[in-house]
Amino acid sequence: MRTRFWVSRLLRTLATICFVVTFTFVVLRMTGDPVVALLSPDALPSEIEQFRIRWKLDRPMIEQYFSYGANLLTGDFGRSYQDGRPALQSVLERLPNTLLLGGFSYLIAILIGIPAGIIAALNRGRLIDRAVMSLAVFGFAMPNFFLGILLILAFSLGLRMLPSAGMGTFYHLLMPSFTLGVYVAGTLARFTRSAMLEVLDEPYMRLAQAKGASPLRRVFIHALPNAAIPIVTIVGLNLGSLVSGAVVVETVFGWPGIGRLLVTAVTARDLALVQGLVLVISVCMIVSNLLVDLLYGILDPRIRSRS
């Protein structure tokens, strides 16, 4: 039964990746001819034809698709139309910067969101509960780009405490990671509060209190592990969204990651580079969802047996 559970999850993950590859390939070619964006309007017909032949854009779409799929199996993501470099190399050069930003953002989100949700649940209906949830809704609803601009105005232009753009020191990391982490922190706080409220009303919590268990033991030993599945769900989903959400934040703060590279590639209609970036971002989100599914089976054996 356990083997069937793991295999079914892995097969579903592979099927999703294949769908993403196909969808991205088709949609990008339906949005227009990349030759129009890459070549000068004064380009001669012979130059246009030579460009199409060089990048194999003169072939039928179905032939291009199977050629692209076969190359992916060998690790070849194609070459950038702008500089001729391998697309995968360009992505891997920027990916560590995005992972650094996303990892630090997630650390901030977890350190703020989960404790805030627990505090709100333990003080249900009180002023602190309403204050925490108001801040959580603010963080959830605030657009990343707007919060980023406010932080630049306050801490870079106003107080002159932090650099407004670029990468190089720890101080460059603070504002973009906080901007990216606020949304996740607000989401985590809301879901943690809801999950904890459901658990705190269970009979075994009253039994633990009757046995004389301390408040900390009741929260962290009895309540939090039983509220873990909803929290793990939102943690996993937002783990992937941090990579995709970095597109806006990296552009605002001039952070040299794959999000900023994606904006540049889309503007230039660099199909190979856009396909590689979308595939990497999608794989990050799909793998995070797979890890959530696997954790479900570990945390609750009933889910594994039903699957």
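- Hydrophobic clustering places Leu159 together with Leu151 (ILVMFWY residues linked when any side-chain heavy atoms are closer than 4.5 Å, directly or through intermediates).
- Each of Val274, Ile17, Val91, Leu88 was checked for a side chain to side chain contact (heavy atoms under 4.5 Å, CB included) with Leu279, and the lone residue meeting it is Ile17.
- Relative orientation of the Tyr183 and Phe140 rings is parallel, given thresholds of 30° and 60° on the angle between their planes.
- In this structure a side-chain-to-backbone donor-acceptor pair under 3.5 Å is present from Asn97 to Pro256.
- To the nearest 0.5 angstrom, Leu273 atom CG is 5.5 Å from Ser80 atom OG.
- A continuous path of ILVMFWY side-chain contacts below 4.5 Å connects Phe146 to Phe155, so both sit in one hydrophobic cluster.
- The hydrophobic cluster containing Ile128 does not contain Phe138, counting ILVMFWY residues as joined when their side-chain heavy atoms lie under 4.5 angstrom apart, directly or transitively.
- Of the possible polar contacts, none joining the Thr24 side chain to the Gln275 backbone as a donor-acceptor pair under 3.5 Å is found.
- Ala116 approaches Val132 most closely through the heavy-atom pair O-CG1, 3.5 Å.
- Here the side chains of Ile286 and Val20 are in contact, with some heavy-atom distance below 4.5 Å.
- To the nearest 0.5 Å, atom CD1 of residue Ile114 and atom CD1 of residue Ile119 are 12.0 Å apart.
- A distance of 12.0 Å separates OG of Ser90 from CD1 of Ile258, quoted to the nearest 0.5 Å.
- Ring planes of Phe25 and Tyr68: parallel class, angle under 30° (limits at 30 and 60°).
- Judged by distance alone, the side chain of Arg260 and the main-chain N or O of Gly254 form a donor-acceptor pair under 3.5 Å.
- A donor-acceptor pair under 3.5 Å is absent between the side-chain atoms of Ser67 and the main chain of Glu63, judged by distance alone.
- Within a 6.0 Å sphere centred on CE of Met161, other residues, nucleotides and ligands contribute 12 heavy atoms or fewer.
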* Please assess Asn144 against Thr179 for the test side-chain hydrogen bond (donor to acceptor under 3.5 Å, both in side chains), listing each intermediate value before the final yes or no. => CA-CA 6 Å; Asn144 285 339; Thr179 303; over 6 Å; no
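- Here the shortest heavy-atom pairing between Ser105 and Pro176 reads OG-O, 4.3 Å.
- Taking every heavy atom of both residues into account, Trp255 and His172 meet most closely at CZ3-O, 3.8 Å.
- Between the CG atom in Leu150 and the CZ atom in Phe145 there is a gap of 10.0 Å [rounded to 0.5 Å].
- Between Leu174 and Tyr171, some side-chain heavy-atom pair lies under the 4.5 Å cut-off.
- In this structure, Leu127 CG and Ser134 OG are separated by 9.0 Å, a value rounded to the nearest 0.5 Å.
- By the 4.0 Å N-to-carboxylate-O rule, Glu250 lies too far from Arg94 to be salt-bridged with it.
- Across every non-hydrogen atom of Ala121 and Met196, the tightest pair is CB-CB, 3.6 Å.
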* side chain to side chain contact (heavy atoms under 4.5 Å, CB included) evaluation trace for Val184 with Tyr106 -> CA-CA 8 Å; Val184 181; Tyr106 218 65; 3.7 Å; yes
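- Side-chain contact check for Glu93 versus Leu261: every heavy-atom pair is 4.5 Å or farther apart.
- Within the 4.5 Å cutoff, side-chain heavy atoms of Val252 are placed close to those of Ile152.
- Side-chain contact between Arg193 and Asp129 is present, with heavy atoms from C-beta onward closer than 4.5 Å.
- With Asp76 contributing its side chain and Leu72 its backbone, the two residues share no donor-acceptor pair below 3.5 Å.
- Aromatic ring centroids of Phe104 and Phe170 lie under 6.0 Å apart.
- Grouping the Ile, Leu, Val, Met, Phe, Trp and Tyr side chains by contacts below 4.5 angstrom, directly or via other members, places Leu188 apart from Leu111.
- Side chain of Ser194 to main chain of Phe191: no donor-acceptor pair is present (N/O by atom type, distance under 3.5 Å, no hydrogens or angles).
- In this structure, the side chains of Ser177 and Ile108 come closer than 4.5 Å at one or more pairs of heavy atoms.
- Separation of atoms CD1 (Ile281) and CG (Leu262) is listed at 5.0 Å; rounding is to 0.5 Å.
- Under the 3.5 Å distance criterion, the side-chain polar atoms of Ser156 are matched with a main-chain donor or acceptor of Leu162.
- Val280 and Leu92 end up in the same hydrophobic cluster when Ile, Leu, Val, Met, Phe, Trp and Tyr side chains are linked at under 4.5 Å.
- Contact annotation: the side chain of Leu197 approaches that of Arg124 to within less than 4.5 Å [non-hydrogen atoms, C-beta and beyond].
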